[in-house]
Amino acid sequence: MSIKDKLAALLRGQPSAKPPDKESAGTLEPEPEQAPESSGPGVLNQSLLELSAEHQIYRLYNQRRQEAGYLPAPRLCLDEDGVLPPEMVHRELGRLRTVLTKACSARLKEAKGRSGGSRRRKPAKGEEPEEAETAETAENEALALDALPLFFLSSDKLYAWVVVLPPIGGGKELSRDMLYEALITNEIGFGVDTRLADRIAHDERRYFNLYLIAKGKPAFDGKNGNIVDNFPRVIERVLEVDEFDQVDYTALNLIYNVEKGQEICHLIKPTEGEPGRTVLDQEIPAKSGKNVPLPQGRNTEISEDGTQLLASIDGSVEFTGRSFQVKPVLEISGNVDFSTGDLDFLGDINIGGNVLSGFTVRAMGNIHIAGVVEAGSTIEAGGDLAVVKGILGDGTTTVQVHRSIFSKYVENATISVRENLQTDCIIGSSIYCGGEVLVQSGRGVIMGGRVWAAKRICAHTVGSQSECKTSIVLGGKPCASFEQEITQRAVNAMEMELERLECQPDSPVKSSLLSKAKIKLATAEMKLRQLEERRERMAPERERESGRLECGAAYPGTKVRIGDEVFRVHDLSRHCVITMIRDEIVMM
C-alpha cells in the first residue's frame, strides 16, 4: 500500500491493511471490531450492530481482504440519520443479527462445498496435458461465487436495508444491474433510492456496509371528530379572597346568557385515513376518524350543515353532564315585591334588587340576587344561589339550594345546601350543609346558632368573647335531617289545623276543608315515614363518617359534636383543628 493510501486510511479512522505475505497467507486474524460511533459528545450510537470477532461475517471479510488487499472494516448501522424510533431500532437489531448470521453461514458453507472439489486433477488415460489444464480452468470458473446483495426488511415492511457480500473465487463484482436484478427478485419495488443504488456499485465501502435502500410510506389514521365549546362545561364556583381578605360576590357569574341562534359549540369533522405502502409495494390500510355527536339538549338545535349547535331560545347555557341545554332566564330589574309577586320559574332567575320580606322565589336553575334577602322570605334553587349583599333573616327565613350558596353574610336564617356554603360570617343561623362551610373571608366569624357540615368547616373565629352558645356538628347527612325536620313541622302544623277545623260548627265548607286537610296530612305523614326509614338505613354509614373543624380561634361556649361524641371548648384556643381520632374527639 502506498503512503498516500495509508494516510487516507488513517484519516478515515480505519486501520491500514497489508497485503498478505507468504507467512501470513491463510492465517490472517479477524480485524478488531470497531468501537460504536457516537452521535454526539459522550453519546453512543445505539443503531450500530455489534458483532464478535468470531462472527461468520469476519471470516468472509478476512477472505476478501486476502484476495483484494485493503478493505474497509464492516459497518452495520441501521439508522445513520437518527430518524427511526429507538424502540424500533432496538427490536430490528436483534432480527438483523439473526439474518446476517444465517446468510453468512450459508455463504461460507456454499464456498466450502464448492472448493472441496477444486483439486488439480491428473490427465486421464489417453488425454493430453493441455486438455486436462483447460478442463481444470473451466471447473475453477464454475466454483466462483458472485457478489451477493443481501436484503433485510423491517418487521412492518416499511424499510429495506441492503448489505453486499463480496464475490469469492474470482466471481463477479457488484454492478448496478446486479443490484437492480436483486431488488426485482426480492420484490422490492416501492420507495427505492435509485441514486443510492447507482452509487453503491462504485463505492469503496460497497461490501460489508449496511445501506437503507428503500423506504415505504406509513399509513396515517384519520383524526377523530372533536367538539369546540364556546361556553364552559364546568363552572368554577369558588370565590377567591383578595389581599385585603375580602371577596367580591358580584364577580360570581352563575348565568351565561345566550341569544336565539347563537352558537354554543361546533363540530370539527373527522378526517379520512391515508393508506400507506410497504417497500414490497403492498398497501397498508388506514382507519378513518370516528365521528362525535353534538351534545344537543333542551332548547338547542343543530345547524343545517350539521356542524353547529345553536340555541333555539334566549336564555342561559348549562352543561348537564351529557349535553348542553338552554334554560330560560327571568330578568327582574328591581325588587321582588308586590309589583312582581312570588316567583316560580323553570329556568334561571336574575334579580337586580332585593327579595322583600314575606316573598318567595323558586327556580329550577340558578338564582342571582344583587341585593338582600330580607326577613321572612323563602328561597329555593335547583342550582346555585348567589346573594351579593347577604341574607338577613328573623328566624323564619328559609333557604334551600341543591348546589352551592355564595352570600356576603348569613344572619338568623335556616339554610339547607347540598354542596358548599361560602360566606363572610354566620350569625345565629341554622345551617345544614352536605359539603363544606367556608367562612374565611372578611370577618370570618361563626357566632351562635348551629352549623352542621358533612365534611369540613373552616372559619377565622368560632364563638365569641361573651361565650355565646355556638353548636358545631360534623359528619352525617345534614340535608336529610333538615328535610325530615321540615316535614315534621308540616305534619305538626296540619294536625293543629285539623283540630281547629274539627272544633268549628258543621257546614259544607267545614267538610270540604277537613277533607283537603286530611289528604295533605296523610301525604305528609307518608313522606315523613319514608324519610325516617331512609335515615335508619343510613345510620351505620353515618356512624363511620367524620368531619373536621379548622379555625383560627375557638371561644368557650362552643360545642362540637361528631356522631354521639361531644366536645366542649372551655378555654380560648387558637389555630386549632378539632376532629375524630379513634372514636374520640380531639383538639390539635
Side-chain angles (χ1 to χ4, degrees), residues 237-252 354-355 368-375 377 379 384-395 397-399 401 404-417 419-433 435-453 455-474 478 547-560 568-579 587:
R237 299 182 176 88
V238 178
L239 290 169
E240 296 182 357
V241 180
D242 61 18
E243 64 272 19
F244 303 106
D245 207 21
Q246 299 293 324
V247 168
D248 182 11
Y249 287 88
T250 61
L252 185 64
N354 304 325
V355 178
H368 185 275
I369 301 172
V372 177
V373 175
E374 294 186 357
S377 303
I379 307 293
D384 296 313
L385 170 65
V387 186
V388 175
K389 294 185 178 179
I391 300 173
L392 178 61
D394 60 355
T397 304
T398 303
V399 177
V401 176
S404 297
I405 295 178
F406 306 89
S407 179
K408 183 67 175 177
Y409 62 85
V410 178
E411 183 175 347
N412 297 326
T414 300
I415 291 179
S416 172
V417 52
E419 293 184 5
N420 301 327
L421 168 63
Q422 183 172 345
T423 182
D424 286 2
C425 67
I426 300 174
I427 300 175
S429 299
S430 296
I431 308 296
Y432 302 82
C433 178
E436 298 181 347
V437 176
L438 306 175
V439 194
Q440 295 178 295
S441 58
R443 294 176 60 190
V445 175
I446 299 176
M447 185 171 58
R450 183 175 74 162
V451 179
W452 186 356
K455 297 180 180 178
R456 185 172 65 120
I457 298 175
C458 294
H460 291 329
T461 305
V462 178
S464 64
Q465 293 181 354
S466 61
E467 299 187 7
C468 174
K469 291 184 179 180
T470 305
S471 178
I472 303 294
V473 184
L474 299 170
R548 183 183 179 93
L549 170 64
E550 301 174 5
C551 56
Y555 284 92
T558 300
K559 181 178 68 175
V560 180
R568 298 180 186 277
V569 179
H570 297 290
D571 300 309
L572 174 61
S573 301
R574 297 189 181 277
H575 305 291
C576 58
V577 175
I578 301 176
T579 187
M587 176 185 286

Spatial distance of atom SG (Cys433) from atom CD (Gln422) [nearest 0.5 Å]: 11.5 Å
Spacing of Asn412 atom CG and Ser430 atom OG [to the nearest 0.5 Å]: 9.5 Å
pair Val451-Val462: side-chain heavy atoms closer than 4.5 Å: no
Could you go step by step and tell me if Val388 and His368 meet the side chain to side chain contact (heavy atoms under 4.5 Å, CB included) rule? CA-CA 8 Å; Val388 175; His368 185 275; 4.0 Å; yes
Closest heavy-atom pair and its distance - Arg574, Ala553: NH1-CB, 3.9 Å
Distance in Å, Ser466 OG paired with Tyr555 OH, rounded so as to fall on 0.5 Å steps: 10.0 Å
Qualifying residue for side chain to side chain contact (heavy atoms under 4.5 Å, CB included) with Val399, from Val417, Leu385, Val410: Leu385
Kindly give the heavy-atom pair with the smallest separation between Gly390 and Ser407, and that separation in Å. CA-OG, 3.4 Å
Could you check if a side-chain atom of Thr423 sits within less than 4.5 angstrom of a side-chain atom of Val439, using non-hydrogen atoms only? yes
Between SG on residue Cys458 and CD on residue Gln440, distance to nearest 0.5 Å: 4.5 Å
Do Arg456 and Leu438 have side-chain heavy atoms sitting under 4.5 Å apart? yes
Between atom NZ of Lys559 and atom OG1 of Thr470, what is the distance when rounded to the nearest 0.5 Å? 10.5 Å
Which atom pair, heavy atoms only, marks the closest approach of Met587 to Cys576? CG-CB, 3.9 Å
Any donor-acceptor pair under 3.5 Å linking the side chain of Asn420 with the backbone of Gly435? no
Are any side-chain N or O atoms of Ser471 and backbone N or O atoms of Arg450, one a donor and one an acceptor, separated by less than 3.5 Å? no
Is there a donor-acceptor contact under 3.5 Å from the side chain of Thr558 to the main chain of Pro556? no
Gly393 versus Thr397, closest heavy-atom pair with distance: CA-OG1, 3.2 Å
Note: Arg443-Asp424 ion pair, threshold 4.0 Å (strictly below): no
Donor-acceptor pair, distance only, cut-off 3.5 Å: does the side chain of Thr579 make one with the backbone of Gly547? yes
Dump the intermediate steps for side chain to side chain contact (heavy atoms under 4.5 Å, CB included) on Val387 and Ile405, then the final yes or no. CA-CA 8 Å; Val387 186; Ile405 295 178; 5.7 Å; no
Do the side chains of Leu421 and Ile426 get nearer than 4.5 Å, heavy atoms only? yes
As a quick check of understanding, evaluate side chain to side chain contact (heavy atoms under 4.5 Å, CB included) for Ile472 and Ile578, giving each step before the final call. CA-CA 10 Å; Ile472 303 294; Ile578 301 176; over 6 Å; no
Determine whether Glu374 and Leu392 make a side-chain contact, defined as any pair of heavy atoms from C-beta on separated by less than 4.5 Å. no
Provide the closest heavy-atom pair for Asp384 versus Ser404 in the form atom of the first, atom of the second, distance. OD1-N, 2.9 Å
Should the pair Lys455-Glu436 be classified as a salt bridge under the 4.0 Å nitrogen-to-oxygen rule? no
Residues Glu550 and Arg548: closest non-hydrogen pair is OE2-NE, 2.7 Å
Has the side chain of Ser416 got a donor or acceptor atom that lies under 3.5 Å from a matching backbone atom of Thr414? no
Would you say the side chain of Val372 lies within less than 4.5 Å of the side chain of Tyr409, judging by non-hydrogen atoms? yes
What's the separation between atom CD1 in Ile446 and atom CG in Leu549, rounded to the nearest 0.5 Å? 7.0 Å
